[in-house]
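Order of the sequence lines sets the chain letters (A, B, ...), proteins ahead of strands, with each chain counted from 1.
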2 protein chains.
Amino acid sequence: MPGTSKKLRELLEPVRIREIGEAALRVVSRKGLEGMTMQEIADEAGLAKGTLYLYFDSREELVVHVAESAFQELHLAVTEALGREGTFPDRLAAATLTHVEFFEHRRDLFRLFLSVAHPGPGADHSARHHRSGHPLYRAYLDLFASFFAAGQARGEIRPFPPDRLALFVAEGLAGLILRRLGETDPPPVEEDVRLVVDALTGGIHVRRTP
Amino acid sequence: MPGTSKKLRELLEPVRIREIGEAALRVVSRKGLEGMTMQEIADEAGLAKGTLYLYFDSREELVVHVAESAFQELHLAVTEALGREGTFPDRLAAATLTHVEFFEHRRDLFRLFLSVAHPGPGADHSARHHRSGHPLYRAYLDLFASFFAAGQARGEIRPFPPDRLALFVAEGLAGLILRRLGETDPPPVEEDVRLVVDALTGGIHVRRTP
DNA sequence: AAGTCTACTGACCAAACGGTCATAGGAATG
DNA sequence: CATTCCTATGACCGTTTGGTCAGTAGACTT
């Protein structure tokens with residue numbers, strides 16, 4: 001709608017930004033971050049390609065915007081779960097369940113999550129922060145690492161390096177989620193969550209009765 | 001060398017194929033699968049781009065060739081490790097160590113491994129076998145799944161679904177390896193291996209003395 | 001030496017991409 | 001109604017890619 005009143009502009013701009021962001025998210029969910037083209041986002045949003053550049057200076061800026069809002073949402077949800085009352089396995093289960101369910105209900109976000117977690121050959125990506133994952137992903141991992149570290153301080157968790165333990169768990173979880181998204185009829189969420197939590201807390205090995 | 005004798009041709013062709021494959025591998029290790037261009041492979045192999053199409057019909061065919069030889073190598077190494085004598089944790093540790101060290105010494109293979117394990121929007125990829133990962137990756141996962149299943153049959157491993165357990169472990173490991181490759185001075189391989197094996201066999205939770 | 005065979009070459013092509021810009025046209029203003 | 005203002009447009013551009021093909025040159029055959 002060209003020519004909207006001047007007062008409406010400050011109302012319209014955030015709306016357009018959200019519309020474009022959501023369209024971009026849908027495209028990412030279908031094609032992945034690499035396959036996401038500006039033209040397809042424009043079509044998805046019902047706008048022309050040039051219009052996108054009225055609200056975002058470049059493709060990269062749009063990607064950052066979308067990634068940030070997505071990670072913020074996930075971060076918040078998992079932080080809440082980790083902060084609940086309960087034993088260590090209880091809270092780990094709550095966080096794991098939250099993580100899996102988050103992507104269960106918002107499947108479109110997961111491919112973005114993966115792309116950010118394991119960035120490709122991105123231009124300045126590699127130079128600035130490619131060393132061990134995107135800052136957004138590192139921040140998310142720190143959530144789990146801090147949880148494990150706190151558990152170790154209270155003597156509830158064996159002394160593995162918390163950051164590496166977090167990485168192992170997060171990546172293992174991501175693998176399970178990716179599998180789930182590919183399955184036409186995946187097992188109940190709780191089943192996969194229980195696998196992770198039980199395997200982690202008690203181990204998978206059957207100890208002979210001593 | 002144009003105009004080689006006719007008899008040498010059947011000697012030369014496998015050599016060229018290997019040369020091109022190895023050049024492609026080096027390019028993949030630098031730029032990732034998406035960033036791998038035919039021109040750069042040609043330069044790396046000291047050939048013209050057109051020559052590549054004398055030995056491979058398309059880019060896709062070249063990728064499959066490279067991936068297959070790489071997976072075969074990994075498959076063989078891990079199969080050997082899983083088949084050794086020893087207790088369950090011993091053999092799991094051997095396989096894990098083999099897996100990590102394989103990529104430690106041949107870093108160039110890991111990005112290919114990841115690309116195959118988590119394929120992007122590839123054209124007919126998605127249609128034919130995108131459902132839950134590339135067949136090559138599924139075959140590799142089955143290696144671990146069978147190992148876990150055998151352990152369960154002997155009552156050594158708790159009854160988690162073996163395929164999902166394998167997926168969880170493999171992806172967690174992949175995360176650790178990816179991190180290692182990004183680190184300028186990663187911790188000893190054994191340290192990360194011990195984390196995985198100990199966390200899996202005994203669990204990370206400190207059980208109160210009963 | 002002339003002719004043939006063929007591995008090899010690199011200029012070339014069409015398609016697809018991110019990004020630009022002159023233009024259009026409805027709302028606000030007078 | 002005339003003018004101004006501004007969002008939205010889509011044709012267009014430069015670049016990069018996978019893939020092609022007429023032509024080159026060196027070794028074999030006779």
Toward the 5' end of DNA chain C, by each residue's nearest nucleotide, Tyr53(A) or Leu47(B): Leu47(B)
Distance below 4.0 Å between Thr51(A) side-chain N/O and dT9(D) OP1 or OP2: yes
Length of the CD1-C1' vector between Ile20(A) and dA8(D), whole Å: 11 Å
Separation of atom CD1 in Ile17(B) from atom P in dA7(C), rounded to whole Å: 12 Å
Nearest to side-chain heavy atoms of Leu54(A), which nucleotide of dG19(D), dT7(D), dC8(C): dT7(D)
Distance in angstrom units between Lys31(B) NZ and dT16(D) C1', rounded: 13 Å
Value in whole Å for how far the C1' atom of dT17(D) lies from CE of Met36(B): 12 Å
Separation of dG18(D) P from Gln39(B) CD (nearest whole Å): 9 Å
Sugar-phosphate, base or nothing in reach of Thr37(B), heavy atoms under 4.0 Å: sugar-phosphate
Distance-only donor-acceptor hits, side chain of residues 75-82 of chain B, under 3.5 Å, sequence neighbours excluded:
{"from": "Thr79(B)", "atom 1": "OG1", "to": "His75(B)", "atom 2": "O", "distance (Å)": "2.6"}
{"from": "Glu80(B)", "atom 1": "OE1", "to": "Arg84(B)", "atom 2": "NH2", "distance (Å)": "3.1"}
{"from": "Glu80(B)", "atom 1": "OE2", "to": "Arg84(B)", "atom 2": "NE", "distance (Å)": "3.2"}

Closest listed nucleotide, where the reference is the side chain of Ala48(B) and the choices are dT7(D), dG18(D), dT9(C): dT9(C)
Separation of dC13(C) C1' from Lys49(B) NZ (nearest whole Å): 10 Å
Arg158(B) to Gln152(B) - nearest heavy-atom pair and separation: O-NE2, 3.0 Å
Atom-pair distance (CG on Leu62(B); P on dG19(D)), nearest Å: 10 Å
Aromatic plane relationship, Phe144(B) with Phe148(B) - under 30° parallel, 30 to 60° tilted, over 60° perpendicular: tilted
Arg106(A) bridged to Glu73(A) by N-O distance under 4.0 Å: yes
Leu33(B) CG - dG18(D) P separation (whole Å): 11 Å
